[in-house]
Asker: 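What follows is a structure written as structure tokens; I'll ask about it next.
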Amino acid sequence: MYKLDELNYLYQDLEPFIDTHTIGLHYNKHAKKYLANLNRLLKENNFDFSISLEELAKNINDYKFKNIDDILFNLGGVLNHNLYFKCMGEKREEISDLLKKDLIEKYGSIDEFIKEYISFAMKLKGSGYTFLEYDKNNLVLRNRENQNSPLFEGNIPLFTVDLWEHAYYINYENDKEKYLDNFFQIADFSYANKLYSDLIKVGK
């Protein structure tokens with residue numbers, strides 16, 4: 001069966017921007033609930049768990065699952081949470097030269113990229129995520145509702161922020177913009193940097 005990726009930091013390491021209780025609740029209750037639901041639904045479909053979560057998402061149409069909507073919702077919940085937790089950290093890595101070059105080419109500067117990212121995220125109505133995606137050799141910002149994953153459409157998510165209220169409400173109540181501003185104080189681009197470098201190398 002599938003497992004959640006382990007955190008690269010302790011729950012308290014993101015304070016004061018996100019408190020210990022929020023991270024612990026988010027990881028152990030919300031994310032693990034999606035995981036438990038997904039594993040249960042896949043077992044009911046006699047799935048053998050022989051491929052990665054990412055491969056399952058990319059090839060989901062190859063399977064004749066019962067309750068496909070429930071599977072997609074919970075699969076997206078696991079994938080999106082795994083990525084979100086990778087995008088924060090105490091030992092935060094800055095944007096690499098390679099990714100920085102392409103972001104500056106598109107947005108003018110890293111400051112403008114972050115400004116555009118936050119502005120884009122503020123436009124999302126309801127729950128979901130704002131992704132930096134790799135889409136046919138292009139870097140794009142895209143809002144996705146609920147637990148939709150870019151992988152379902154063949155795109156590759158590099159970076160994301162969780163905009164479900166449970167991600168920030170204890171600390172910020174309804175001040176989503178303050179949460180987004182502070183998120184970039186703990187943003188870790190180590191995963192995005194490596195993945196983007198690998199994608200460029202293979203010319204995918």
Asker: I'd like to check Ile200 versus Tyr134 (side-chain heavy atoms, cut-off strictly below 4.5 Å). Are they in contact?
Answerer: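 Yes, at least one pair of side-chain atoms sits under 4.5 Å.
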Asker: Is there a donor-acceptor pair closer than 3.5 Å between any side-chain N or O of Arg92 and the backbone N or O of Phe184?
Answerer: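 Here the side-chain-to-backbone pair exists.
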Asker: Provide the closest heavy-atom pair for Asn74 versus Asp70 in the form atom of the first, atom of the second, distance.
Answerer: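 Taking Asn74 first and Asp70 second, the nearest heavy atoms are ND2-O, 2.8 Å.
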Asker: Is Leu53 reachable from Met1 through a run of I, L, V, M, F, W or Y residues, each pair having side-chain heavy atoms under 4.5 Å apart?
Answerer: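 Yes, same cluster.
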Asker: I'd like to check Leu10 versus Thr20 (side-chain heavy atoms, cut-off strictly below 4.5 Å). Are they in contact?
Answerer: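 In short, these two side chains do not touch, never coming nearer than 4.5 Å.
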Asker: Got more than 12 heavy atoms from elsewhere within 6.0 Å of CE, Met122?
Answerer: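 Enclosed.
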Asker: Taking side chain as C-beta onward, heavy atoms only, is Leu132 less than 4.5 Å from Phe113?
Answerer: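 A side-chain contact under 4.5 Å exists here.
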Asker: Let me see the working for Asp102 and Lys106 under salt bridge (charged side-chain N to carboxylate O under 4.0 Å, His left out), right down to the final yes or no.
Answerer: CA-CA 6 Å; Asp102 290 346; Lys106 182 159 189 173; over 6 Å; no
Asker: Report yes or no: is the cationic atom of Lys178 (NZ for Lys, CZ for Arg) closer than 6.0 Å to the six-membered ring centre of Tyr172, at no more than 45° off its axis?
Answerer: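 Because its charged atom misses either the 6.0 Å distance or the 45° angle limit, Lys178 does not stack over Tyr172.
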Asker: Side chains of Leu7 and Asp13: does their closest heavy-atom pair fall under 4.5 Å?
Answerer: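 No, side chains not in contact.
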Asker: Grab the two heavy atoms, one from Tyr191 and one from Pro157, that are nearest each other, plus how far apart they are.
Answerer: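 Reported closest heavy-atom pair: CE2-O, 4.2 Å.
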Asker: Please, which pairs that meet side-chain hydrogen bond (donor to acceptor under 3.5 Å, both in side chains) have at least one residue in residues 138-150, sequence neighbours excluded?
Answerer: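 Found Tyr34-Gln147, Asn80-Gln147, Tyr129-Gln147, Thr130-Asn143, Glu133-Arg142, Glu133-Arg144, Asp135-Arg142, Arg144-Glu153.
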Asker: Could you tell me whether the side chain of Leu42 reaches within less than 4.5 Å of the side chain of Phe49, counting heavy atoms only?
Answerer: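 Contact flag for Phe49/Leu42 side chains = yes.
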Asker: Less than 4.0 angstrom from a charged side-chain N to a carboxylate O is my criterion; do Glu93 and Lys91 meet it?
Answerer: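 A salt bridge is absent here (no side-chain N lies under 4.0 Å from a carboxylate O).
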Asker: With sequence neighbours excluded, tell me which residues meet side chain to side chain contact (heavy atoms under 4.5 Å, CB included) with Ile60.
Answerer: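 With neighbours one apart ignored, the set is Leu56, Phe65, Ile68, Ile71, Leu72, Leu75.
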Asker: By side-chain hydrogen bond (donor to acceptor under 3.5 Å, both in side chains), which residues pair with Tyr168, not counting sequence neighbours?
Answerer: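 With neighbours one apart ignored, the set is empty.
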Asker: Is a donor on one side and an acceptor on the other found under 3.5 Å between the side chain of Asn193 and the backbone of Glu94?
Answerer: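 Here the side-chain-to-backbone pair exists.
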Asker: Starting from Ile170, walk the hydrophobic network (Ile, Leu, Val, Met, Phe, Trp, Tyr; side-chain heavy atoms closer than 4.5 Å) and list everyone else you reach, by chain and number.
Answerer: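 Members alongside Ile170: Leu25.
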Asker: To check you understand the geometry: which heavy-atom pair defines the closest contact between Asn67 and Glu44, and what is its length?
Answerer: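 Heavy atoms of Asn67 and Glu44 come nearest at ND2-OE1, 4.4 Å.
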Asker: For a quick test of reading the model, state the closest non-hydrogen atom pair linking Ile118 to Glu177 and the distance between them.
Answerer: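 So the minimum-distance heavy-atom pair works out to CG2-CG, 4.4 Å.
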Asker: Val140, Leu79: one ILVMFWY side-chain cluster at the under-4.5 Å cut-off?
Answerer: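 Val140 and Leu79: separate clusters.
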Asker: If a pair satisfies side-chain hydrogen bond (donor to acceptor under 3.5 Å, both in side chains) and one of its residues is in residues 112-125, list it, with sequence neighbours excluded.
Answerer: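 Of all non-adjacent pairs touching residues 112-125, none passes side-chain hydrogen bond (donor to acceptor under 3.5 Å, both in side chains).
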Asker: Output yes when a side-chain donor or acceptor of Asp162 lies under 3.5 Å from a complementary backbone atom of Trp164, and no otherwise.
Answerer: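 Such a contact is found between Asp162 side chain and Trp164 backbone.
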Asker: What distance do Asp111 atom CG and Tyr107 atom OH have between them, rounded to the nearest 0.5 Å?
Answerer: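 The OH atom of Tyr107 is 14.5 Å from CG of Asp111, to the nearest 0.5 Å.
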Asker: Quick one: pull up NE2 in His26 and NE2 in His166 and give me the separation to the nearest 0.5 Å.
Answerer: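 If I round to the nearest 0.5 Å, the distance is 3.5 Å.
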Asker: Check whether the ring centres of Phe159 and Phe189 lie less than 6.0 Å apart, and answer yes or no.
Answerer: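 Yes, the ring of Phe159 comes within the 6.0 Å limit of the ring of Phe189, centre to centre.
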Asker: So, taking the atom named OH in Tyr27 and the one named CG in Asp5, what distance separates them when rounded to the nearest 0.5 Å?
Answerer: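 The OH atom of Tyr27 sits 7.5 Å away from the CG atom of Asp5.
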Asker: Which pair of non-hydrogen atoms, one from Ile23 and one from Tyr11, has the smallest distance, and what is that distance?
Answerer: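 In this case the closest contact between Ile23 and Tyr11 is CG2-CD2, 3.6 Å.
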Asker: What verdict does the side chain to side chain contact (heavy atoms under 4.5 Å, CB included) test give for Tyr196 and Ile156, after you've listed the backbone C-alpha separation in whole Å, the side-chain angles of each residue and the deciding distance to 0.1 Å?
Answerer: CA-CA 9 Å; Tyr196 190 63; Ile156 301 173; over 6 Å; no
Asker: Out of curiosity, Phe131 CZ to Thr160 OG1, how far, rounded to the nearest 0.5 Å?
Answerer: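 Between atom CZ of Phe131 and atom OG1 of Thr160 there are 4.0 Å.
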Asker: Do His30 and His81 have their ring centres less than 6.0 Å from each other?
Answerer: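 His30 vs His81: aromatic centres not under 6.0 Å.
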Asker: Determine whether Lys86 and Asp188 make a side-chain contact, defined as any pair of heavy atoms from C-beta on separated by less than 4.5 Å.
Answerer: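 A side-chain contact is absent here, since even the closest heavy-atom pair is not under 4.5 Å.
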Asker: Has the side chain of Asn171 got a donor or acceptor atom that lies under 3.5 Å from a matching backbone atom of Asp19?
Answerer: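 Flag set: sc Asn171 to bb Asp19 pair under 3.5 Å.
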Asker: With a 6.0 Å cut-off (strictly less than), is the heavy-atom count around CD of Gln12, excluding the residue itself, greater than 12?
Answerer: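 Counting other residues, nucleotides and ligands, CD of Gln12 exceeds 12 neighbours.
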Asker: Side-chain heavy atoms under 4.5 angstrom apart, residues restricted to Ile, Leu, Val, Met, Phe, Trp, Tyr: same cluster for Leu99 and Ile110?
Answerer: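 They do share one cluster, since a chain of ILVMFWY contacts under 4.5 Å joins Leu99 to Ile110.
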Asker: Give me the atom names and distance for the closest heavy-atom approach of Leu35 to Leu4.
Answerer: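 So the two residues come closest at CD2-N, 3.7 Å.
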Asker: Linking I/L/V/M/F/W/Y whenever any side-chain heavy atoms sit under 4.5 Å apart, do Leu98 and Leu195 land together?
Answerer: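 Linked within one cluster.
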Asker: Working to the nearest 0.5 Å, report the span between CG of Asp48 and NZ of Lys43.
Answerer: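 Nearest 0.5 Å value for the CG-NZ distance: 13.5 Å.
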Asker: To the nearest 0.5 angstrom, please state how far the CG atom of Leu14 sits from the CD1 atom of Ile186.
Answerer: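 Between atom CG of Leu14 and atom CD1 of Ile186 there are 4.5 Å.
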Asker: With sequence neighbours excluded, what pairs up with Tyr9 under the ring-ring contact (aromatic ring centres under 6.0 Å, His included) test?
Answerer: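 Listed in chain order: nothing, the list is empty.
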Asker: I would like to know whether Tyr179 and Phe17 meet ring pair (Phe, Tyr, Trp, His ring centres under 6.0 Å); could you show each step before the answer?
Answerer: CA-CA 8 Å; Tyr179 160 64; Phe17 305 107; over 10 Å; no
